[in-house]
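Structure first, commentary second.
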Number of protein chains: 2
Amino acid sequence: MRIGELAEKAGTTTRALRYYESLGLLPARRTSNGYRTYGDEDLRLLRQIQVLRDFGFELEETRPFVECLRAGHPEGDSCPDSLAVYRRKVEELDALIGQLQGVRAQVGAQLARAERARDALVADAAVPGGPEPRCELGTERGSHGRTA
Amino acid sequence: MRIGELAEKAGTTTRALRYYESLGLLPARRTSNGYRTYGDEDLRLLRQIQVLRDFGFELEETRPFVECLRAGHPEGDSCPDSLAVYRRKVEELDALIGQLQGVRAQVGAQLARAERARDALVADAAVPGGPEPRCELGTERGSHGRTA
DNA sequence: ACTGGCCTTGACGTCGGCGTCAACGTCTAC
DNA sequence: GTAGACGTTGACGCCGACGTCAAGGCCAGT
């Protein structure tokens with residue numbers, strides 16, 4: 001299988017595959033004319049990379065998994081290094097989620113506050129004498145009732 | 001106030017301030033010798049930028065807030081454009097948090113599965129005859145007890 | 001006069017993960 | 001033999017928010 005075919009099977013581009021090879025992540029054998037050649041095994045490695053990248057792993061973080069597979073283990077996460085990456089990632093995710101939830105709460109609060117302030121101003125504008133005038137200190141005569 | 005002083009007061013760098021100016025986000029007046037000059041008002045604008053950036057806003061997203069302040073409004077979020085950014089950001093955050101929680105669950109599940117698989121293998125290794133050997137089919141004589 | 005500390009503009013470097021040429025080689029089909 | 005579809009390496013571009021020089025101007029203190 002050549003690079004174009006592998007890329008198509010995996011739903012990626014030849015550029016990505018060449019990039020992975022430049023990182024030593026997915027090395028390829030070569031035919032006599034210099035073309036890269038891949039086997040089904042390489043497709044497995046590539047899929048492992050893609051799954052983790054879809055999770056948001058950096059390419060370097062997928063390396064232990066790929067090397068684990070290349071070492072002949074049944075799964076990419078059958079090795080201690082892979083498990084360590086999993087654990088680190090879970091911690092990172094928990095920290096990040098917590099942080100984002102904090103930000104979310106703060107932004108939500110700011111939004112609510114700003115909207116209340118705006119509504120107060122709008123209400124003021126609707127009642128030209130100010131918001132809910134309590135008592136009339138002006139001239140005795142004139143409108144004694146509130147506006148509607 | 002010159003650029004170094006403003007940077008120090010706000011806990012940032014002159015480089016960042018010049019960058020903001022290049023974006024038109026925080027323009028500065030100039031003295032006769034070409035030095036940038038800032039007032040307390042600029043410090044307010046800068047603090048507004050920093051608060052939002054700490055929230056993870058991109059610089060461009062802080063622009064409505066800064067322009068709102070420069071327009072004389074009491075708060076950076078006293079303008080409709082700012083509120084729109086808030087709302088968009090809340091949506092983004094909710095979506096992102098949800099996505100990360102999904103990833104977190106999947107990675108956590110993979111980790112748990114991989115650890116179970118590993119423990120099973122370790123258990124197998126500890127019991128050379130296989131995991132919990134049901135019946136001895138080997139030679140009749142010899143060690144009849146388990147290892148320790 | 002000279003040192004040292006501030007300021008100026010300009011321009012390149014960083015990080016990750018590729019996209020997008022350019023210029024060229026290889027193989028198949030007609 | 002020639003077009004067209006593949007392949008190759010090399011190199012620059014992109015995104016955002018600056019960091020980090022480099023080369024020089026301005027100003028205060030001694």
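Here is the naming used below: chain letters follow the sequence lines, and residue numbers restart at 1 for every chain. Computed over heavy atoms, backbone and side chain alike; hydrogens, waters and symmetry mates excluded. As the structure is a prediction and not an experimental result, all values here were calculated from the model.
For A/Arg18 and D/dT8, the shortest distance from a side-chain N or O to OP1 or OP2 is below 4.0 Å. Residue B/Thr13 has no polar side-chain atom (N or O) positioned under 4.0 Å from OP1 or OP2 of D/dC18. Listed pair B/Arg30 / D/dC26 fails the phosphate criterion, with no side-chain N or O lying under 4.0 Å from OP1 or OP2.
Rounded to whole angstrom, the span from the CE atom of A/Met1 across to the C1' atom of D/dC6 amounts to 16 Å. The separation between B/Glu21 atom CD and C/dC7 atom P is 13 Å, rounded to whole Å. Spacing between atom CZ of B/Arg29 and atom P of C/dC7 amounts to 16 Å, rounded to whole angstrom units. Whole-Å rounding puts the B/Asn33 CG to D/dC27 C1' distance at 9 Å. For B/Leu23 and D/dG16, the CG to P distance is 10 Å, given to the nearest whole Å. Nucleotide C/dC18 holds its C1' atom 14 Å from the CD1 atom of A/Ile49, rounded to whole Å. For the pair B/Glu58 CD and D/dC15 P, the computed distance is 12 Å after rounding to whole Å. When the P atom of C/dT8 is taken as reference, atom CG of B/Leu17 falls 10 Å away, rounded to whole Å.
As judged by a 4.0 angstrom heavy-atom cut-off over every strand, B/Arg2 is placed among residues touching the sugar-phosphate backbone only. The residue A/Glu60 sits apart from the nucleic acid: no heavy atom pair falls under 4.0 Å.
Among D/dA17, D/dC26, C/dG16, the nucleotide with an atom closest to any side-chain atom of A/Tyr19 is C/dG16. With C/dC18, D/dA17, C/dT8 as the candidates, the nucleotide lying closest to the side chain of B/Leu59 is D/dA17. Closest to the side chain of A/Arg53, out of D/dA17, D/dT8, C/dG17, is C/dG17. Taking the side chain of B/Arg36 as heavy atoms from C-beta on, and the options D/dA17, D/dT9, C/dT9, the nearest nucleotide is C/dT9. For B/Tyr35, the side-chain atoms get nearest to C/dC6 when compared with the rest of D/dT9, D/dC6, C/dC6.
The base of D/dT20 sits with one of its N or O atoms less than 3.5 Å from a complementary donor or acceptor on the side chain of B/Arg15. For C/dG17, its base never sits under 3.5 Å from the side chain of A/Tyr20 at any donor and acceptor pair.
Counted by atom type alone, B/Gln50 and B/Arg53 present zero donor-acceptor pairs between their side chains at under 3.5 Å. With 3.5 Å as the limit, one finds no donor-acceptor pair spanning the side chains of A/Arg18 and A/Ser22.
Cation-pi geometry between A/Lys89 and A/Phe57 is met: under 6.0 angstrom from the ring centre, within 45 degrees of the axis.
A 4.5 Å side-chain heavy-atom check between B/Arg87 and B/Val90 finds every atom pair outside the cut-off.
Residues A/Phe65 and A/Tyr86 place their aromatic rings such that the two centres sit under 6.0 Å apart.
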